[in-house]
Every structure is written in C-alpha cells, then in structure tokens.
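Residues: numbered from 1 along the sequence shown.
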Amino acid sequence: MPRDTLTADRIVRAAIELLDKEGLDGLNMRSLAKQLGSAATAVYWHIKTKDDLVRLAGDAIWHEVELPDLGTTDWRTAAAAQAGGMHAMLTRHPWLVQAFSSHLLYGPGQARYHDLSLAVYEKAGFTADAADRAAATVFTFVLGNALGPAAQVSLNRRLSRNSADAEQLVADAMTRAAETARHFPHLRERLDTAAAEDYAATPDGTFEFGLQSLLDSFEARIAAEGAGRRG
C-alpha cells in the first residue's frame, strides 16, 4: 500500500484492533504495518513513536462513551450513565487500564469526558472544588473496578503464549488458592457455599452496588450541606 493512502485515523483504528487482540506488548510498528498492508516506514511518516500511537488510540476510544445530556437528565442518572459507559469502554479495551500506568495519556476524547464529569457534580450542588473531588472519586472507582478484568485478560494472554495448557495452569492455581483459603474462617465459609473455582470471583452486581453507594453518599452530603447553610 503506498504511503499516501494511509492516514493517521486509519492507523489509529488499526492500532486499536491490534491492541484489543494482542495487548500493549503485542503492539509494534512492524505488526501494525503488516495489518495495514503497508511498510513500517509509511506508518512512521504519520505517527512517529509507539507512545504517540498508544496515546492517540487511547484517546480515540474515549469517544465511545456516550455522554448524557444534562439539559434533559438529572445529575444522578447522568452520573450513573457516564460511569457505566466508562466501565463498559474499559471492559472492551482492557489495555487502556494498563496504559494508565505506563503511558502519558491525554487528548480531546478524555478531556470531553472529564469536562462533563465536572458539570454533572456541579449540577448536583457541589462547589467547584467538591465537584473535582467527586469526579475524581468516581473515576478512580470505575478504573479500580476495571483493573481486575484487565489483569485477567493480560494474564490469560501471557499464559497462553508460554504454555500449551493455560487453562490447566489456571485451574491448578485456583485449587491451591482454595486450599490456602480454607485456613481462614470467612473464606472457608464462602468455599462451603460456592464452587472452589468461583470463590475468589467478584460477586455479580459489585460495580453497580459500589457506584450507587457512592452516589448515595454524595446525595446525603449535598443534603446535609444544604441543611447546614439553611440553618
């Protein structure tokens, strides 16, 4: 493919596909060029480094998060929808969770998300400083909930590359973990009511439970501060 048929957007989209399939470790200019049917030198003409590529790909997927219209949506519904959208996006692209710890990530997609977050919590009744803290708290909560699944994807990929029987390795590790857990009373109780391979899994509905608990606390704080001002 001639160099001038490539665009930065096409390269970024191909990089996202490769990152979804292979993770951060599997992304390099040579493999990306092969996927594009081009030469690595042609890719470098548009995007100079792997770090630039990860930054651009990481910012592009923030646009997948559908942002609620604050003109027609109450703050709590908007907050839940926005956080849920971020969580779903990170689940689709687990490499972004890992990229937060290894790359400088910024751009209009991410800024668009953060700007609405501040608007949501200011609409809720927080001052600007408190809205900053509320938005950061929810962002950290969502990111933390996405960390486990992202780590599992990365682990499964590494095991599959290094072993012919990755599933057996995981099963053996879970068996040993369950044996260790039986020495501790609360874990032992869980093992008596759940399959050994499932006892350490995150319970269903954990994300929703945690998010609603956070929003409950925000709502209570706003109400208490409002009552204090009126008093």
Asker: I need the minimum non-hydrogen distance between G109 and D59, along with the two atoms involved.
Answerer: N-OD2, 2.9 Å
Asker: Ignoring hydrogens and angles, state whether a donor on the side chain of D172 or T175 is under 3.5 Å from an acceptor on the partner side chain.
Answerer: no
Asker: Without hydrogens or angle criteria, can the side chains of Q35 and R30 be said to hold a donor-acceptor pair below 3.5 Å?
Answerer: no
Asker: Ignoring hydrogens and geometry, is there a side-chain-to-backbone donor-acceptor pair from T77 to T73 under 3.5 Å?
Answerer: no
Asker: Going through the distances and angles, do W45 and T41 end up as a side-chain contact (heavy atoms from CB on, under 4.5 Å)?
Answerer: CA-CA 6 Å; W45 179 262; T41 53; over 6 Å; no
Asker: For residues L116 and P68, determine if any side-chain heavy atom of one lies less than 4.5 Å from a side-chain heavy atom of the other.
Answerer: yes
Asker: Just checking, is any N or O donor in the side chain of H93 or D20 under 3.5 Å from an acceptor N or O on the other one?
Answerer: yes
Asker: Closer than 3.5 angstrom, by distance alone: can the side chain of H103 be matched with the main-chain N or O of R55 as a donor-acceptor pair?
Answerer: no
Asker: I61 versus W95: any side-chain heavy-atom pair under 4.5 Å?
Answerer: yes
Asker: What are the two closest non-hydrogen atoms of L53 and M29, and how far apart are they?
Answerer: CD2-SD, 4.2 Å
Asker: Is it true that R13 and E17 make a salt bridge, defined as a side-chain N closer than 4.0 Å to a carboxylate O?
Answerer: no
Asker: Which heavy-atom pair separates L19 from A57 by the least distance, and what is that distance?
Answerer: CD1-CB, 4.0 Å
Asker: Using a 6.0 Å cut-off, check whether atom CZ of R221 has over 12 heavy atoms from anything other than its own residue.
Answerer: no
Asker: Minimum heavy-atom separation for P94 and A150, please, with both atom names.
Answerer: O-CB, 3.5 Å
Asker: Return yes when atom NZ of K48 has more than 12 non-hydrogen atoms of other residues, nucleotides or ligands closer than 6.0 Å, and no otherwise.
Answerer: yes
Asker: Could you tell me whether the side chain of D115 and the main chain of A111 form a donor-acceptor pair under 3.5 Å?
Answerer: no
Asker: With side chains defined as the heavy atoms from C-beta onward, is the minimum distance between L27 and E22 less than 4.5 Å?
Answerer: no
Asker: Strictly distance-based, threshold 3.5 Å: is any side-chain N or O of S38 a donor or acceptor partner for the main-chain N or O of K34?
Answerer: no
Asker: Using modelled atom types only, decide if a donor and an acceptor are shared between the side chain of K123 and the backbone of L118 within a distance under 3.5 Å.
Answerer: no
Asker: Do V138 and L211 have side chains that approach each other closer than 4.5 Å (heavy atoms only, starting at C-beta)?
Answerer: yes
Asker: Check whether Q82 reaches the backbone of Y113 with its side chain - one donor and one acceptor, N or O, closer than 3.5 Å.
Answerer: yes
Asker: So for atom CG, which belongs to D51, do other residues, nucleotides or ligands contribute more than 12 heavy atoms lying within a distance under 6.0 Å?
Answerer: yes
Asker: Should R10 and T7 count as side-chain neighbours, where that means a heavy-atom distance under 4.5 Å?
Answerer: yes
Asker: Could you tell me whether E219 atom CD has more than 12 heavy atoms of other residues or ligands within 6.0 Å of it?
Answerer: yes
Asker: Side chains of L215 and W75: closer than 4.5 Å at any heavy-atom pair?
Answerer: yes
Asker: Assess whether a salt bridge exists between R76 and D216, defined as any Lys/Arg side-chain N lying under 4.0 Å from an Asp/Glu carboxylate O.
Answerer: yes
Asker: Indicate the ring-plane relationship of W62 and F100, choosing parallel, tilted or perpendicular according to the 30° and 60° boundaries.
Answerer: perpendicular
Asker: Just checking L70: does its CG atom have more than 12 heavy atoms from other residues, nucleotides or ligands closer to it than 6.0 angstrom?
Answerer: yes
Asker: Tell me if the CG atom of D69 is crowded by more than 12 foreign heavy atoms within 6.0 Å.
Answerer: yes
Asker: Measure across D52 and T49 and return the closest heavy-atom pair with its distance rounded to 0.1 Å.
Answerer: N-OG1, 3.0 Å
Asker: According to a 4.5 Å side-chain heavy-atom criterion applied to Ile, Leu, Val, Met, Phe, Trp and Tyr, with indirect links allowed, do L214 and V142 form part of one hydrophobic cluster?
Answerer: yes
Asker: What orientation do Y121 and F218 show, parallel under 30°, tilted 30 to 60°, or perpendicular over 60°?
Answerer: perpendicular
Asker: Looking at A42 and L6, what are the two nearest heavy atoms and their distance?
Answerer: CB-CD1, 3.8 Å
